[in-house]
Amino acid sequence: MTEDITQLSYALDTFYFLVCAVLVMWMAAGFAMLEAGLVRAKNTAEILTKNVVLFAISCTMYLLFSYHLMYSSGAGGFLPSLGFLLGGENSVDQVMGSNGDIYYSNRADFFFQVVFVATAMSIVSGAVAERMKLWAFLAFAVVMTGIIYPTSGYWTWGGGWLSELGFSDYAGSGIVHMAGASAALAGVLVLGPRKGKYGKNGAIYAIPGANLPLATLGTFILWMGWFGFNGGSELMVSNIDSANNMAQVLVNTNAAAAGGVIAALILAKIWFRKADLTMALNGAIAGLVAITADPLSPSGLGATLIGAVGGLLVVFSIVALDKLKIDDPVGAISAHGVAGLWGVLVVPLTNASASFGVQIIGALAIFLWCFIASLIVWLIIKAAMGVRVSEEEEYEGVDLAECGLEAYPEFASNKT
């Protein structure tokens, strides 16, 4: 009887893990739709190409050696060890003899983790949109998903030195989202702003996206996928405590997104005198990112407030980056970086086991590693092959220059 229960629990937790992973994979579609909606029509096919190919690169690099790099390098270390391909699967004897320590398939764990690394890389895509060479971006994706992300991932989720210190990041506000935003910031600084975005004497010119219905659909897809992102990070669901935790995580994830939308919309109305849809969409993302560091400990109301602060921060951050002439077409650095930092730092307010000091150290370490390593890689790529398309190609649209086709060929290209 006990053996039957163990096998049933193993099957249930493995199935739950795989379903959550599929939800996170669906977030790739959300990023693609959100970014395609917030860029101009003449750049749509290229941004979609980026999102499809970066997912394929992420999965392949993680399969070849990044999963081993992140999770098989030993406890407490700083430098991960290099290894290749996946390890073996659990046998019945291993599961039965583990006293419950082995409770899901190794392949399920890999599949769940691989869609996380793709999420981190997707953040970079939107920030460098409309002026980066496609192949330069894809070259960076190889390094980001193969080395940069799994190294800091090893420090934290892989049992490295930050894990030993007690750094707490339940589903990746810092480990995934701030890491991706740090890499994006480095890329944007090397790349420079889009032509026509900034004028003399501090003038800032809005460059509207081509398809706000598509951007809204992308946000709802991300919102839905986040239930797998945070819910799967509970890691099991086959006992009463874990099942209750899973339910609380989903309630808090939804509440934080709602809080982010409401706060961002109200601030936009007060500040800009308009109900800015793009700010509301980024408010939802910021709320989701903020709660991801700990979607379990807060109450539903607490999660709403955490998400609301994230929604306020993303509006302030988008405006501040524009004033600094840091051009991020989709607001990715603000929604994932600033809100991610807020999410990491707020954990100790609701989780007594977390320390403000350790959270600050962890956030600083992740930012510095991902930003400096990415900056070096971007500069190498710039020297080797260039990172930016020509002025003429940027004017005509990178769809034609990089992909040889347009996403909306029945309409005349908008050369603005």
Side-chain angles (χ1 to χ4, degrees), residues 20-56 58 115-130 132 137 141 172 176-177 180-181 184 206-230 253-254 256-258 260-262 264-265 268 275-292 307 310-311 314-315 318 328-337 339-340 398-399 403 407-408:
C20 287
V22 169
L23 283 172
V24 181
M25 185 273 167
W26 184 231
M27 291 173 69
F31 279 114
M33 296 301 98
L34 176 63
E35 294 170 17
L38 292 179
V39 301
R40 287 167 289 183
K42 62 185 180 181
N43 301 309
T44 306
E46 194 258 3
I47 200 75
L48 294 173
T49 304
K50 279 183 181 177
N51 276 274
V52 172
V53 181
L54 76 83
F55 187 84
S58 301
V115 289
F116 270 55
V117 67
T119 296
M121 191 60 218
S122 295
I123 296 165
V124 183
S125 173
V128 300
E130 299 202 303
M132 174 167 277
F137 173 83
V176 178
H177 295 279
I207 302 179
N211 196 327
L212 291 183
L214 203 61
T216 304
L217 174 62
T219 302
F220 273 119
I221 292 173
L222 288 170
W223 194 326
M224 175 184 173
W226 231 286
F227 296 130
F229 199 96
N230 288 353
T253 299
N254 191 64
V261 171
I262 294 169
L265 187 66
D276 191 315
L277 173 61
T278 61
M279 289 299 183
L281 298 180
N282 271 310
I285 304 300
L288 289 162
V289 170
I291 199 60
T292 294
V314 77
V315 176
I318 288 172
D328 177 1
V330 304
I333 296 170
S334 299
H336 297 273
V398 291
D399 281 3
C403 302
Y408 308 105

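Under the side-chain hydrogen bond (donor to acceptor under 3.5 Å, both in side chains) criterion, Glu35 pairs with Asn51, Ser125, sequence neighbours left out. Residues forming a side-chain contact (heavy atoms from CB on, under 4.5 Å) with Ala339 (at least two apart in sequence, or on another chain): Ala286, Val289. With sequence neighbours excluded, the residues satisfying side-chain contact (heavy atoms from CB on, under 4.5 Å) with Leu265 are Ala275, Ala280. In this structure Phe229 satisfies the ring-ring contact (aromatic ring centres under 6.0 Å, His included) test together with Phe116, His177, Trp226, sequence neighbours excluded. For the side-chain hydrogen bond (donor to acceptor under 3.5 Å, both in side chains) test, residues two or more places apart in sequence or in another chain that qualify with Thr253 are Asn230. Every side-chain contact (heavy atoms from CB on, under 4.5 Å) that Ala45 has, sequence neighbours left out, goes to Asp399, Leu405, Ala407. Considering only residues two or more places apart in sequence or on other chains, Val52 meets the side-chain contact (heavy atoms from CB on, under 4.5 Å) condition with none of them. A search for side-chain hydrogen bond (donor to acceptor under 3.5 Å, both in side chains) contacts involving Thr278 returns Asp276, not counting sequence neighbours. Scored by the side-chain hydrogen bond (donor to acceptor under 3.5 Å, both in side chains) test, Asn254 finds Trp223 as partners (sequence neighbours excluded).
Between Leu214 and Ala36 the shortest heavy-atom distance is CD2-CB, 3.8 Å. Shortest non-hydrogen contact noted between Pro208 and Arg40 is O-CG, 3.8 Å. Residues Val124 and Gly180 approach most closely at CG2-O, 3.6 Å, considering heavy atoms. The two residues Pro329 and Ala127 make their nearest non-hydrogen contact at CD-O, 3.2 Å. What you find for Gly228 and Val24 is that their closest heavy atoms are C-CG2, 3.6 Å. Nearest heavy atom pair, residue Gly172 against residue Thr292, reads N-CG2, 3.5 Å.
Atom-to-atom distance recorded for Leu54:CG and Met121:CE is 6.0 Å, nearest 0.5 angstrom. Considering CG of Leu23 and CD1 of Ile221, their distance stands at 12.0 Å, rounded to 0.5 Å. Within the model, atoms CG of Leu212 and CG of Leu38 stand 6.5 Å from one another, a figure rounded to the nearest 0.5 Å. One distance of note links CD1 of Ile285 with CG of Leu34; it measures 6.0 Å at 0.5 Å rounding. Considering CE of Met27 and OG1 of Thr119, their distance stands at 4.5 Å, rounded to 0.5 Å. Atom CZ in Phe55 sits 4.0 Å away from atom CE in Met25 (nearest 0.5 Å).
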message: Using the rule given for side chain to side chain contact (heavy atoms under 4.5 Å, CB included), can you reason through Glu130 versus Val398, listing the C-alpha separation, both sets of side-chain angles and the distance that settles it, and then say yes or no?
response: CA-CA 7 Å; Glu130 299 202 303; Val398 291; 5.7 Å; no
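The salt bridge (charged side-chain N to carboxylate O under 4.0 Å, His left out) analysis of residues 44-53, with sequence neighbours excluded, yields the pairs Glu46-Lys50. Applying the ring pair (Phe, Tyr, Trp, His ring centres under 6.0 Å) test to every pair with at least one member in residues 22-41, sequence neighbours left out, gives these pairs: Phe31-His336.
The closest donor-acceptor contact from the side chain of Asn282 to the backbone of Ala335 lies at 3.5 Å or more, if one exists at all. In terms of modelled atom types and a separation under 3.5 Å, the side chain of Thr44 and the main chain of Ala41 share a donor-acceptor contact.
For the pair Leu48/Met33, a side-chain contact is recorded, criterion being any heavy-atom separation below 4.5 Å from C-beta on.
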